[in-house]
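Notes for the one structure printed next.
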Number of protein chains: 2
Amino acid sequence: MFRGVSFHTIDQKGRVIIPARFRGLIKDGGGDGIMLATMDKCLFGYTYDYWNIIEQNVLSISNKDERYRRLRRVFIGGAFDCSCDKQYRILIPPSLRDYAELEKEIVLVGVLKSFEVWSREKWDMENDKMKDDLIDEDVLKEISKLGL
Amino acid sequence: MFRGVSFHTIDQKGRVIIPARFRGLIKDGGGDGIMLATMDKCLFGYTYDYWNIIEQNVLSISNKDERYRRLRRVFIGGAFDCSCDKQYRILIPPSLRDYAELEKEIVLVGVLKSFEVWSREKWDMENDKMKDDLIDEDVLKEISKLGL
DNA sequence: TATAAAAAGTGGATTAAAGTGGTTTGCTTT
DNA sequence: AAAGCAAACCACTTTAATCCACTTTTTATA
């Protein structure tokens with residue numbers, strides 16, 4: 001499972017290193033590369049195997065409703081296959097760089113089945129929001145269920 | 001169960017010794033290492049076995065709501081697998097050192113299912129707060145239930 | 001209780017791996 | 001043919017894993 005945060009840089013070419021602790025998971029997940037998709041103003045990284053499951057799920061969504069068709073084309077349309085180079089970096093396509101506003105400082109965050117790529121600014125904001133969430137009854141309830 | 005408090009140091013590389021009385025518990029809990037997570041401005045150490053339970057609970061949280069996705073990414077993002085070296089020390093990742101403000105003097109505290117890592121300053125403050133809590137009605141009620 | 005032996009705890013040196021930035025080469029596209 | 005881009009290559013810096021030496025504390029035993 002993907003866990004932990006790392007702080008890195010994205011270079012002018014749009015290359016981002018995959019942290020060492022993620023590499024085995026990626027390889028075991030179907031190859032030397034990942035699928036990148038957009039969500040929550042950051043990028044979600046999936047192993048090939050897990051992505052296949054997601055695609056199957058997307059296929060099973062009804063296409064009757066225009067909203068579901070829109071969801072499908074935005075989510076799948078925004079997904080890219082990114083393979084690793086010899087230094088274990090992925091090249092992030094310009095459209096995804098723009099979406100997540102990746103410029104210089106970036107953050108990689110493991111979230112179990114997948115990991116996320118954030119700009120440093122947005123990640124800091126996300127942490128601030130989390131602090132605010134800690135006075136939210138619903139959130140506190142979920143935390144208490146974790147058994148910490 | 002983890003119990004008792006020990007005062008130690010963290011060296012320049014970020015290494016921290018595991019007290020002898022914790023070692024058997026850790027080994028019995030699934031291996032020669034622990035999972036470290038962030039909470040309450042200190043670090044929580046879990047055995048692998050217990051961490052697996054927590055992780056299952058995290059996976060069962062709904063991901064519909066943005067607040068719950070945030071909870072997951074901040075909590076799992078703050079979790080690291082720390083294995084012991086031959087001297088039974090763990091290396092604490094820089095992001096966790098920063099979070100808990102570990103610099104030189106640190107405190108390890110057993111709290112039954114897990115143990116905690118504090119900076120000495122924060123630990124002392126925590127004890128002061130405990131003194132204040134002893135005039136709190138709710139806290140006194142819980143204490144009376146303990147059967148001391 | 002004195003002493004030896006073992007275990008716990010600390011610090012530093014060495015080596016291997018991770019991470020970063022840049023250059024070159026060879027495609028593709030217009 | 002030239003421009004743009006990505007893949008591959010290379011050089012370098014930083015960081016983490018491993019190993020070793022030593023001090024302190026605990027335990028065992030005479």
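Naming convention: chains lettered A, B, ... in sequence-line order (proteins, then strands); numbering from 1 in each chain.
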Looking only at side-chain N and O atoms, does Lys104(A) come under 4.0 Å of OP1 or OP2 in dG21(C)? yes
Any side-chain N or O of Arg23(B) less than 4.0 Å from the OP1 or OP2 oxygen of dG9(C)? yes
To the closest 0.5 Å, what do you measure between OG (Ser114(A)) and OH (Tyr46(A))? 5.0 Å
Side chain Arg23(A), main chain Ile18(A), donor-acceptor under 3.5 Å: yes
note: Tyr88(A), atom OH; dA16(C), atom C1'; distance rounded to Å ~ 18 Å
Side chain Arg15(B) and base dG9(C) donor-acceptor under 3.5 Å: no
Nearest whole angstrom, please: distance from the C1' of dA6(D) to the CG of Asp11(A). 12 Å
Base, sugar-phosphate, or nothing for Ile17(A), non-hydrogen atoms under 4.0 angstrom? base
Would Phe80(B) and Trp51(B) satisfy ring-ring contact (aromatic ring centres under 6.0 Å, His included), going step by step from the backbone distance to the final call? CA-CA 11 Å; Phe80(B) 286 83; Trp51(B) 177 257; over 10 Å; no
Whole angstrom value for the distance that separates C1' of dA7(D) from CG of Asp81(A): 15 Å
Using a heavy-atom cut-off of 4.0 Å across all strands, would you classify Ile18(B) as base, sugar-phosphate, or nothing? sugar-phosphate
For Lys122(B), which of Glu105(B), Glu101(B), Glu116(B) qualifies under salt bridge (Lys or Arg N to Asp or Glu O under 4.0 Å)? Glu101(B)
What's the closest nucleotide to the Gln87(A) side chain, out of dG21(C), dA8(D), dA8(C)? dG21(C)
How long is the line joining CZ of Arg21(A) and P of dA17(C), in whole Å? 19 Å
Does the side chain of Lys86(A) get closer than 4.0 angstrom to OP1 or OP2 of dA7(D) through an N or O atom? no
I'd like to know if the side chain of Asp11(B) reaches the main chain of Lys13(B), judged simply by a donor and an acceptor atom lying under 3.5 Å from each other, with no hydrogens or angles considered. yes
Measure from CD1 on Ile10(A) to C1' on dG21(C) and round the result to the nearest Å. 14 Å
If only side-chain N and O atoms of Thr9(A) are considered, is one of them under 4.0 Å from the OP1 or OP2 phosphate oxygen of dG19(C)? no
Position toward the 5' end of DNA chain D (nearest nucleotide), Asp85(A) or Leu91(A): Leu91(A)
Ranking Arg97(B) and Arg89(B) by the position along DNA chain D of their nearest nucleotide, the one closer to 5' is Arg97(B)
Check the pair Asp138(A) / Tyr68(B) against side-chain hydrogen bond (donor to acceptor under 3.5 Å, both in side chains), numbers first and verdict last. CA-CA 9 Å; Asp138(A) 297 337; Tyr68(B) 297 154; 4.6 Å; no
Closest to the His8(B) side chain: dG12(C), dG21(C), dT10(C)? dT10(C)
Starting at CD1 of Ile92(A) and ending at C1' of dA6(D), how long is that distance when rounded to a whole Å? 15 Å
If I take atom CZ in residue Phe22(B) and atom C1' in nucleotide dG9(C), what distance separates them, rounded to the nearest angstrom? 15 Å
Of Ser6(A) and Lys13(A), whose closest DNA chain C nucleotide lies nearer the 5' terminus? Ser6(A)
Between atom CD1 in Ile106(A) and atom C1' in dT20(C), what is the gap in whole Å? 12 Å
Does the side chain of Gln12(B) get closer than 4.0 angstrom to OP1 or OP2 of dG12(C) through an N or O atom? yes
